[in-house]
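One structure is given here, and the rest of the page talks about it.
A note on names: the letters A, B, ... follow the listed sequences, proteins ahead of strands, and every chain is numbered from 1. All values derive from a computational prediction rather than experimental measurement.
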Amino acid sequence: MLRMSTLFLRTLREDPADAEVPSHRLLVRAGYVRRIAPGVFSWLPLGYLVYRNIENIIRAEMDRAGFQEVHFPSLLPREPYELTGRWTEYGDNLFRLQDRRKGDYLLGPTHEEMFTLLVKGEYSSYKDLPLVLYQIQTKFRDEARPRAGILRGREFVMKDSYSFDIDDAGLEKSYQRHRDAYIDTFTRLGMEFVIVSAMSGAMGGSASEEFLAPTEVGEDTFVRCSACDYAANVEAVVTPAPASLDYSSVSPAHAEQTPDTPTIASLVDLANERADLVRADRAWTAADTLKNVVFMVSSPDGTEAPLAIGLPGDREVDMTRLEAVLQPRQSRPFEDSDFTKYPTLMKGYIGPGALGSANSSGINYLVDPRIVTGTRWITGADISGSHVFDLVAGRDFTPDGFIEVAEVLPGDSCAKCGSGLQLARGIEIGHIFQLGRKYAQALGLKVLDENGQLVTVTMGSYGIGVSRAVAAVAEQSHDDRGLIWPREVAPADIHLIATGKEDAPFDAAESLSGQLEAAGLRVLYDDRRGVSPGVKFNDSELIGVPTIVVVGKRLVDGFIEVKDRRTGERTDIAITDAVPALLAVCG
RNA sequence: CGGGGCGUAGCGUAGUGGCUAGCGCGCCUGCUUUGGGAGCAGGAGACCGGGAGUUCGAAUCUCCCCGCCCCGACCA
């Protein structure tokens, strides 16, 4: 039993000045966590209870799915990460250290290498597969900017699993097993979540989905279809390509003098003002223009090459999507010095005429999927102060290919059913990947198949942010008075409060708390004498145990009060019926 | 790494060159109070982020450094 009189807890009456998001604010105010360093937190007794509840639920669900728990150290040698290139690729995000003999070590940011090598050391036959191993373990990533309390820390706990299969069909099955287990896990944690298609990012591999907890403070933006079940991280949104258009009646392309129109807005204004350019049926809009943006793309080996991207003028290039597509290559917008090196690119007036491998510049030219054959555009004429009108894709220019990097806007068409998409934010609470053979190949994880041939194992990797889940649940489940824990993750089932200055309510509550514990309920008993009822009520609401029981002024009539933290609903029950009644409430 | 904000007691804060750095919460002692963050009285707690400088005098002005928060970049 937890007693408030001795519990290591100090609730704060005011919000901490450095906490912005609700979960951070409330977890600090309610005395669950304290900050130690940027992105590094300690768990206090109440917080650690909740943390362990969540960890145990995740563990129980993994075990139920038939996965086997192992445990690696956080302190790892350099070599395995050197073999896969991640010692370098991870860059500054890796916490590195040296031992006394100057040997390089790292604090594990994720453990694909270690699991791959572990299995390589033990198994060598297809008969041993499939296999799924997991661990619940502290990870370290030197994030450039930790934020939002324990939502994005530099030290955090992750449940990471890895599946090992002989072929793609097996991987697909292991992936589905995880998907199902994750659905069960997050449901049991009382979380609202959405499964979205995702980019596999630096992890490599093919298929991947994220489990997002929708909330405004989430760091990921995702789309959801208003009509069907399509959902995707914006990075992974697929833009449906419209059908090609018949352009036989479109007049030939013609260059026009358009002085002082370096921006889309100024170009559209000019086109609508000039009698010779104005459209008969409707006004020109930014969507009629073809904007060409140039980036300098650098590969991990250090080489640089320009990339031109064409997209409708009413959209920007979404840098997040661009990074995701180019991974592991990096990009930056063209600077003046770059333009100097490519004199055929006329800043502000770049058109397809100067782009593409077939043209003089030889610059790779990729366009948005909306730019299909037959679409007509106003675009740069590659001469300062001049634009081309009626330039038709497929007739007047042919891009080198397509690229999905335009910003996604609310109302964009769903790739699955064509209805409008909605945008929302979410916290990434889980991510499942079909990794494929990247790590097995790099580290030589092979087994003999039934024909005695060596085959490379195919892998999946699957993560749940355990510590992050604590914050995500808090984020989804609180009100202006404090936290509201789902019962299974709450630090207790019942927050029992005794009020008054007489001994009677304290004696009754003391006895009741013992009976409740004997009946299997977890009790947080506020036995503090001399603390006013208001303080106790406020603390109970801040702490967020789902059921609050008050033994107070109605005790003289033999009644105690039962309050539902979430709904605020109060009922009086006879103290003689308390144990069975509360067992029923706590289900 | 770029932009913005900020560092004063455990927490929240006031204090733009001049007395012993002020207030609220929390903490300690005593009395009173006990159904929505009680009252009175007395107390403890601060190297004003650090260093250098300007000045008769610096929390306050200048320079350098360190740290924190937010936005962006980045982020299995």
Side-chain angles (χ1 to χ4, degrees), chain A residues 9-21 24-25 28-29 31 34-40 81 84 86 89-94 108-113 115 137 139-149 151-154 156 158-162 198-205 208 210 217 219-220 235 319-320 322-324 327-328 330-333 428 430-433 435 438-439 460-465 468 481-482 497-502 505-506 528-542 548 550-555 560-561 563 568 570:
Chain A
L9 171 71
R10 194 102 304 156
T11 58
L12 303 178
R13 195 175 292 210
E14 285 163 296
D15 283 335
D18 60 358
E20 203 84 351
V21 304
H24 185 194
R25 233 172 43 222
V28 171
R29 263 194 70 199
R34 288 290 182 260
R35 195 190 79 95
I36 294 298
V40 182
Y81 289 79
T84 55
R86 293 211 289 186
E89 262 176 42
Y90 243 100
D92 289 338
N93 275 0
L94 200 59
T110 175
H111 284 71
E112 279 77 8
E113 285 82 352
F115 274 84
Q137 216 252 12
K139 309 289 187 190
F140 298 85
R141 293 181 197 171
D142 193 0
E143 299 277 356
R145 191 159 84 79
R147 58 176 294 273
L151 232 30
R152 175 170 292 282
R154 297 194 296 167
F156 58 97
M158 181 162 87
K159 186 290 300 177
D160 48 327
S161 341
Y162 304 86
M199 298 290 290
S200 35
M203 289 295 294
S208 115
E210 286 171 342
V217 306
E219 296 182 282
D220 289 79
E235 294 173 19
M319 295 308 288
T320 313
L322 179 61
E323 292 295 331
Q327 195 62 250
Q330 308 262 312
S331 69
R332 58 172 174 80
E428 181 184 348
H431 201 157
I432 53 180
F433 290 94
L435 272 185
K438 173 177 170 176
Y439 292 92
S461 100
Y462 317 88
I464 292 179
R468 175 181 284 181
R481 292 171 173 274
I497 295 173
T499 66
K501 60 176 172 180
E502 310 301 328
F506 286 86
R528 292 175 294 179
R529 304 293 290 247
V531 173
S532 76
V535 170
K536 293 185 174 183
F537 295 149
N538 282 312
D539 274 348
S540 71
E541 281 153 354
L542 181 59
I548 298 165
V550 184
V551 181
K553 63 182 181 184
R554 293 224 54 204
L555 182 65
I560 60 174
E561 183 181 308
K563 194 159 58 170
R570 304 170 186 207

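- For Arg481(A), the salt bridge (charged side-chain N to carboxylate O under 4.0 Å, His left out) partners two or more places apart in sequence, or in a different chain, are Glu541(A).
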Watson-Crick and G-U pairing of RNA chain B, under 3.5 Å, as dot-bracket with | and [ ]
((((((((.[[[[.)..(...]]]].((((((.....)))))).....[[[[[..)....]]]]])))))))....
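- Glu210(A) comes within 4.0 angstrom of no nucleic acid atom, judged by non-hydrogen atoms across all strands.
- In the set rG12(B), rC75(B), rG36(B), the nucleotide with an atom closest to the side chain of Pro16(A) is rG12(B).
- Side-chain atoms of Arg29(A) never come within 3.5 Å of backbone atoms of Thr11(A) as a donor-acceptor pair (strictly under, hydrogens ignored).
- A donor-acceptor contact under 3.5 angstrom links the side-chain atoms of Asp539(A) to the base of rG37(B).
- rU33(B) and rC40(B) are spaced 11 Å apart, taking the C1' atom of each and rounding to whole Å.
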What are the atom names and distances for every N/O pair under 3.5 Å that joins the protein to nucleotides 5-10 of chain B?
none

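- In this structure, Glu428(A) atom CD and rC74(B) atom P are separated by 16 Å, rounded to whole Å.
- One interatomic measurement links the two molecules: CZ of Arg528(A) to P of rG36(B), which rounds to 16 Å at whole-angstrom precision.
- Atom-to-atom, CG of Asp18(A) to P of rG12(B) comes out at 7 Å; the value is rounded to the nearest Å.
- Comparing the P positions of rU20(B) and rA38(B) gives an interatomic distance of 37 Å, to the nearest angstrom.
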With sugar-phosphate taken as primed atoms, P, OP1 and OP2 and all else as base, the protein-contact string of nucleotides 26-35 of chain B at under 4.0 Å (heavy atoms; B, S, -) is S-------BB
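- Between Leu94(A) and Pro109(A) the shortest side-chain heavy-atom distance falls below 4.5 Å.
- Heavy atoms of Phe156(A) sit under 4.0 angstrom from at least one base atom.
- A pairwise comparison of heavy atoms in Asp539(A) and Arg528(A) identifies OD2-NH2, 3.1 Å as the closest pair.
- For the P atoms, the distance from rG45(B) to rC28(B) is 15 Å, rounded to whole Å.
- For the pair Arg152(A) CZ and rG72(B) C1', the computed distance is 14 Å after rounding to whole Å.
- A distance of about 26 Å separates the C1' atoms of rG50(B) and rC56(B), rounded to the whole Å.
- A salt bridge between Glu112(A) and Arg86(A) is present, with a side-chain N of the basic residue lying under 4.0 Å from a carboxylate O of the acidic one.
- Between Gly552(A) and Thr499(A), the closest heavy-atom pair is CA-OG1, 3.3 Å.
- Heavy atoms only, all atoms of each residue included: Ser540(A) and Ile548(A) are closest at OG-CD1, 3.5 Å.
- Across the protein-nucleic acid pair, Glu14(A) atom CD and rG37(B) atom C1' stand 11 Å apart, rounded to whole Å.
- Contacts of Arg154(A) with the nucleic acid, taken as non-hydrogen atoms under 4.0 Å apart, are absent.
- Taking atom C1' in both rC11(B) and rC19(B), the straight-line distance is 29 Å, to the nearest Å.
- To the nearest whole angstrom, the two P atoms, one in rA14(B) and one in rG30(B), are 35 Å apart.
- Distance CG (Asp142(A)) to P (rC75(B)): 14 Å, rounded to an integer number of Å.
- We find that CG of Asn93(A) is positioned 13 Å from C1' of rC1(B), with the value rounded to whole Å.
- When the ring pair (Phe, Tyr, Trp, His ring centres under 6.0 Å) test is applied to Phe115(A), the partners found at least two apart in sequence or on another chain are Phe72(A), Tyr162(A).
- Counting heavy atoms from C-beta outward, Ile464(A) and Met158(A) have side chains that stay 4.5 Å or more apart.
- Smallest separation of non-hydrogen atoms from Ser208(A) and His431(A): OG-NE2, 2.9 Å.
- Partners of Arg13(A) according to the salt bridge (charged side-chain N to carboxylate O under 4.0 Å, His left out) rule, which considers only residues two or more places apart in sequence or in another chain, do not exist here.
- Between rG18(B) and rG57(B), the distance separating the two C1' atoms is 7 Å to the nearest Å.
- For Asn538(A), the side-chain atoms get nearest to rG36(B) when compared with the rest of rC69(B), rU13(B), rG36(B).
- Pairing each heavy atom of Tyr81(A) with each of His111(A), the nearest pair is OH-CA, 3.9 Å.
- Taking atom C1' on both rA59(B) and rA46(B), the two are 11 Å apart, rounded to the nearest angstrom.
- Within the 4.5 Å cutoff, no side-chain heavy atoms of Lys501(A) are placed close to those of Arg529(A).
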